[in-house]
Asks: 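I'd like to ask some things about the structure below.
Residue numbers count from 1 along this sequence. These numbers come from the heavy atoms of this one structure, side chains and all, not from hydrogens, waters or symmetry mates. All of these numbers come straight from a predicted model, not from anything done at the bench.
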Amino acid sequence: MSFLNLTLSLIFVLIPLILSKTLNLGLEKDTIIAVVRSIIQLLTVGYILHFVFTSNDYLYIILMIGLIIGAATANARKKGTSIPGITGKLIFTFLFVELLTQGILLGFGITPPTAQYMIPISGMMVGNSMVLAILFLNRFASEVHAYEEEIELILSLGGTPKQAIHRQLITAIKASTIPTIESQKTMGLVQLPGMMSGQIIAGADPIQAVQFQLLVLFLLLTTAVITSVLLGFLSYPTLFNQRMQRVKEVNPTD
């Protein structure tokens with residue numbers, strides 16, 4: 001795609017701007033900011049990735065993956081400010097997901113140890129893990145807040161923190177993983193996934209594109225469940241003190 005074609009594609013930005021202005025939706029400012037930020041960020045990342053792919057130095061690969069994890073943590077932690085030590089828990093979760101998925105991929109020789117494969121896959125895995133973390137934190141906070149009295153009652157009757165919060169924890173884990181599972185049920189029927197579509201547009205064989213997309217789908221399923229489970233079991237103990245009492249109220253996040 002040439003820069004001329006890319007410029008012409010801004011027509012798709014004008015349409016929502018015109019609709020927002022006509023209907024007084026007030027979305028013009030946010031839309032323009034989103035478009036400008038996406039252009040700057042993606043072009044910057046594009047040039048960085050070009051340099052990293054050309055050098056294929058593992059130091060740059062590690063730094064790039066570290067940047068991805070750092071950005072994901074900074075974004076997700078906003079939804080978990082009511083949980084003590086949420087930043088460290090998120091970093092540990094994202095790092096665990098990254099090491100597990102890359103360890104299996106590289107250990108079994110499923111993908112080669114090059115920047116071309118490691119960075120895009122890491123971005124997809126950590127990005128999906130970030131979304132799942134946000135979904136979990138939102139639902140978990142809402143569940144704990146809604147059933148505050150029930151949790152306190154179980155604790156007062158001699159129940160352990162795990163027993164008191166078990167139902168809310170499991171509900172939040174299930175709720176956060178359902179979108180990933182449900183979307184995979186209709187994959188290929190309702191939508192063609194982004195990676196597969198990109199490879200086909202680039203001229204790759206459709207069967208090969210499907211094979212790579214299936215790999216990504218399997219990885220996404222793993223990251224979804226691991227993220228919610230790991231973050232959940234790291235988070236709930238910090239809501240109680242050594243006397244098995246609630247130490248801080250968890251309020252629903254916006």
Asks: Would you call I181 and L221 a side-chain contact if the rule is heavy atoms closer than 4.5 Å?
Replies: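 Sidechains of L221 and I181: in contact.
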
Asks: Side chain of Q163, backbone of T160: donor and acceptor closer than 3.5 Å?
Replies: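 Yes, the answer is positive, given that a donor and an acceptor are paired below the 3.5 Å cut-off.
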
Asks: Less than 4.5 Å apart, side chain to side chain, heavy atoms only: is that true for R139 and Q168?
Replies: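 Not in contact.
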
Asks: Say whether, by atom type as modelled, one donor and one acceptor occur between the side chain of Y47 and the main chain of L42 under 3.5 angstrom.
Replies: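 No; zero donor-acceptor contacts below 3.5 Å.
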
Asks: How many angstroms lie between atom CD1 of I91 and atom CZ of R77, to the nearest 0.5 angstrom?
Replies: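 Rounded to the nearest 0.5 Å, the CD1-CZ separation comes out at 9.0 Å.
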
Asks: Is the count of non-hydrogen atoms from other residues, nucleotides or ligands lying under 6.0 Å from Q116 atom CD greater than 12?
Replies: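 Not more than 12 within 6.0 Å, no.
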
Asks: Applying the 4.5 Å side-chain criterion to the ILVMFWY set and letting contacts propagate, would I119 and I62 be lumped into a single cluster?
Replies: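 I119 and I62: separate clusters.
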
Asks: Write down the atom of S176, the atom of L132, and the distance for their closest heavy-atom approach.
Replies: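 Smallest heavy-atom distance, with atoms named: O-CD1, 2.6 Å.
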
Asks: Nearest heavy-atom pair of A133 and L90: which atoms, and what distance?
Replies: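 Smallest interatomic distance, heavy atoms only, reads CB-CD2, 3.9 Å.
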
Asks: Taking the side chain from S156 and the backbone from L153, do they hold a donor-acceptor pair closer than 3.5 Å?
Replies: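 Yes, the answer is positive, given that a donor and an acceptor are paired below the 3.5 Å cut-off.
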
Asks: Are I83 and I170 linked, directly or through other ILVMFWY residues, by side chains that come within less than 4.5 angstrom of each other?
Replies: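 No: no chain of side-chain contacts under 4.5 Å links I83 to I170.
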
Asks: Heavy atoms only: give me the nearest K89-L231 pair and the separation to one decimal.
Replies: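 So the two residues come closest at CB-CD1, 4.1 Å.
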
Asks: Considering only heavy atoms from C-beta outward, does the side chain of M118 approach that of L106 to under 4.5 Å?
Replies: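 Touching, per the 4.5 Å side-chain cut-off.
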
Asks: I'd like to check V225 versus T180 (side-chain heavy atoms, cut-off strictly below 4.5 Å). Are they in contact?
Replies: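 Not touching, per the 4.5 Å side-chain cut-off.
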
Asks: Is the shortest side-chain heavy-atom distance between I134 and N75 below 4.5 Å?
Replies: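 The answer is yes, as the side chains (C-beta and beyond) meet within the 4.5 Å cut-off.
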
Asks: Using the rule that Ile, Leu, Val, Met, Phe, Trp and Tyr join whenever any side-chain heavy atoms are under 4.5 Å apart, tell me whether I40 and L43 fall into a single cluster.
Replies: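 In one cluster: yes.
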
Asks: Does I121 form a side-chain contact (heavy atoms from CB on, under 4.5 Å) with T101? I'd like the steps, not just the answer.
Replies: CA-CA 9 Å; I121 291 177; T101 54; 5.7 Å; no

Asks: Decide yes or no on side-chain contact (heavy atoms from CB on, under 4.5 Å) for L219 and M124, but give the supporting numbers first.
Replies: CA-CA 9 Å; L219 288 170; M124 285 185 283; over 6 Å; no

Asks: Can you name the closest pair of heavy atoms from S122 and Q102 and give their distance?
Replies: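 Smallest heavy-atom distance, with atoms named: OG-NE2, 3.0 Å.
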
Asks: Treating Ile, Leu, Val, Met, Phe, Trp and Tyr as nodes and any side-chain heavy-atom pair under 4.5 angstrom as an edge, say whether V13 and L23 lie in one connected cluster.
Replies: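 Cluster IDs for V13 and L23 differ.
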
Asks: Could you walk me through whether R167 and E143 satisfy the salt bridge (charged side-chain N to carboxylate O under 4.0 Å, His left out) test, starting with their C-alpha distance in whole Å, then the side-chain angles of each, then the deciding distance to 0.1 Å, before giving a yes or no?
Replies: CA-CA 9 Å; R167 191 175 75 168; E143 287 291 320; over 6 Å; no

Asks: Rounded to the nearest 0.5 Å, what separation is found between the OG1 atom of T223 and the CE atom of M130?
Replies: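 Atom-to-atom, T223:OG1 and M130:CE are 12.0 Å apart.
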
Asks: Test side-chain contact (heavy atoms from CB on, under 4.5 Å) on F136 and L169 and set out the steps.
Replies: CA-CA 9 Å; F136 169 79; L169 179 63; 3.9 Å; yes

Asks: Verify the cluster assignment for I165 and I154: are they in a single hydrophobic cluster under the rule of side-chain heavy atoms below 4.5 Å apart?
Replies: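 No, I165 does not connect to I154 through the hydrophobic network.
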
Asks: May I ask you to decide if P16's main-chain N or O and S20's side chain share a donor-acceptor pair within less than 3.5 Å?
Replies: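 No: the side chain of S20 does not pair with the backbone of P16.
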
Asks: Looking at N128 and A224, what are the two nearest heavy atoms and their distance?
Replies: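 Of all heavy-atom pairs spanning N128 and A224, the closest is ND2-N, 4.0 Å.
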
Asks: Please report the interatomic distance OH(Y117) to CD1(I61), rounded to the nearest 0.5 Å.
Replies: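 Result: 13.5 Å between the selected atoms.
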
Asks: For the pair F233 and Y236, name the ring-plane relationship: parallel under 30°, tilted 30 to 60°, perpendicular over 60°.
Replies: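 Rings of F233 and Y236: perpendicular, over 60°.
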
Asks: Considering all heavy atoms of both residues, which atom of F140 and which atom of S235 are nearest to each other, and what is their separation?
Replies: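 Looking at all heavy atoms of both residues, the closest pair is CE2-CB, 4.5 Å.
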
Asks: Starting from the C-alpha separation in whole Å, work towards a yes-or-no answer on side-chain contact (heavy atoms from CB on, under 4.5 Å) for T177 and T227.
Replies: CA-CA 9 Å; T177 56; T227 298; over 6 Å; no

Asks: Can you measure from OG1 (T114) to CZ (F53) and round to the nearest 0.5 angstrom?
Replies: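 Nearest 0.5 Å value for the OG1-CZ distance: 8.0 Å.
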
Asks: Return the CG to CE distance between L59 and M64, rounded to the nearest 0.5 Å.
Replies: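 Atom-to-atom, L59:CG and M64:CE are 13.5 Å apart.
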
Asks: Give a yes or no on whether the backbone of M125 and the side-chain of S129 come within a donor-acceptor separation of less than 3.5 Å.
Replies: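 Checking the backbone N and O of M125 against the side chain of S129, no donor-acceptor pair under 3.5 Å is found.
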
Asks: Taking atom CD of E182 as the centre, does the number of heavy atoms from other residues, nucleotides or ligands within less than 6.0 Å exceed 12?
Replies: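 Yes, the 6.0 Å shell around CD holds more than 12 heavy atoms from other groups.
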
Asks: What distance separates L63 CG from D57 CG, expressed to the nearest 0.5 Å?
Replies: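 Answer rounded to 0.5 Å: 9.0 Å.
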
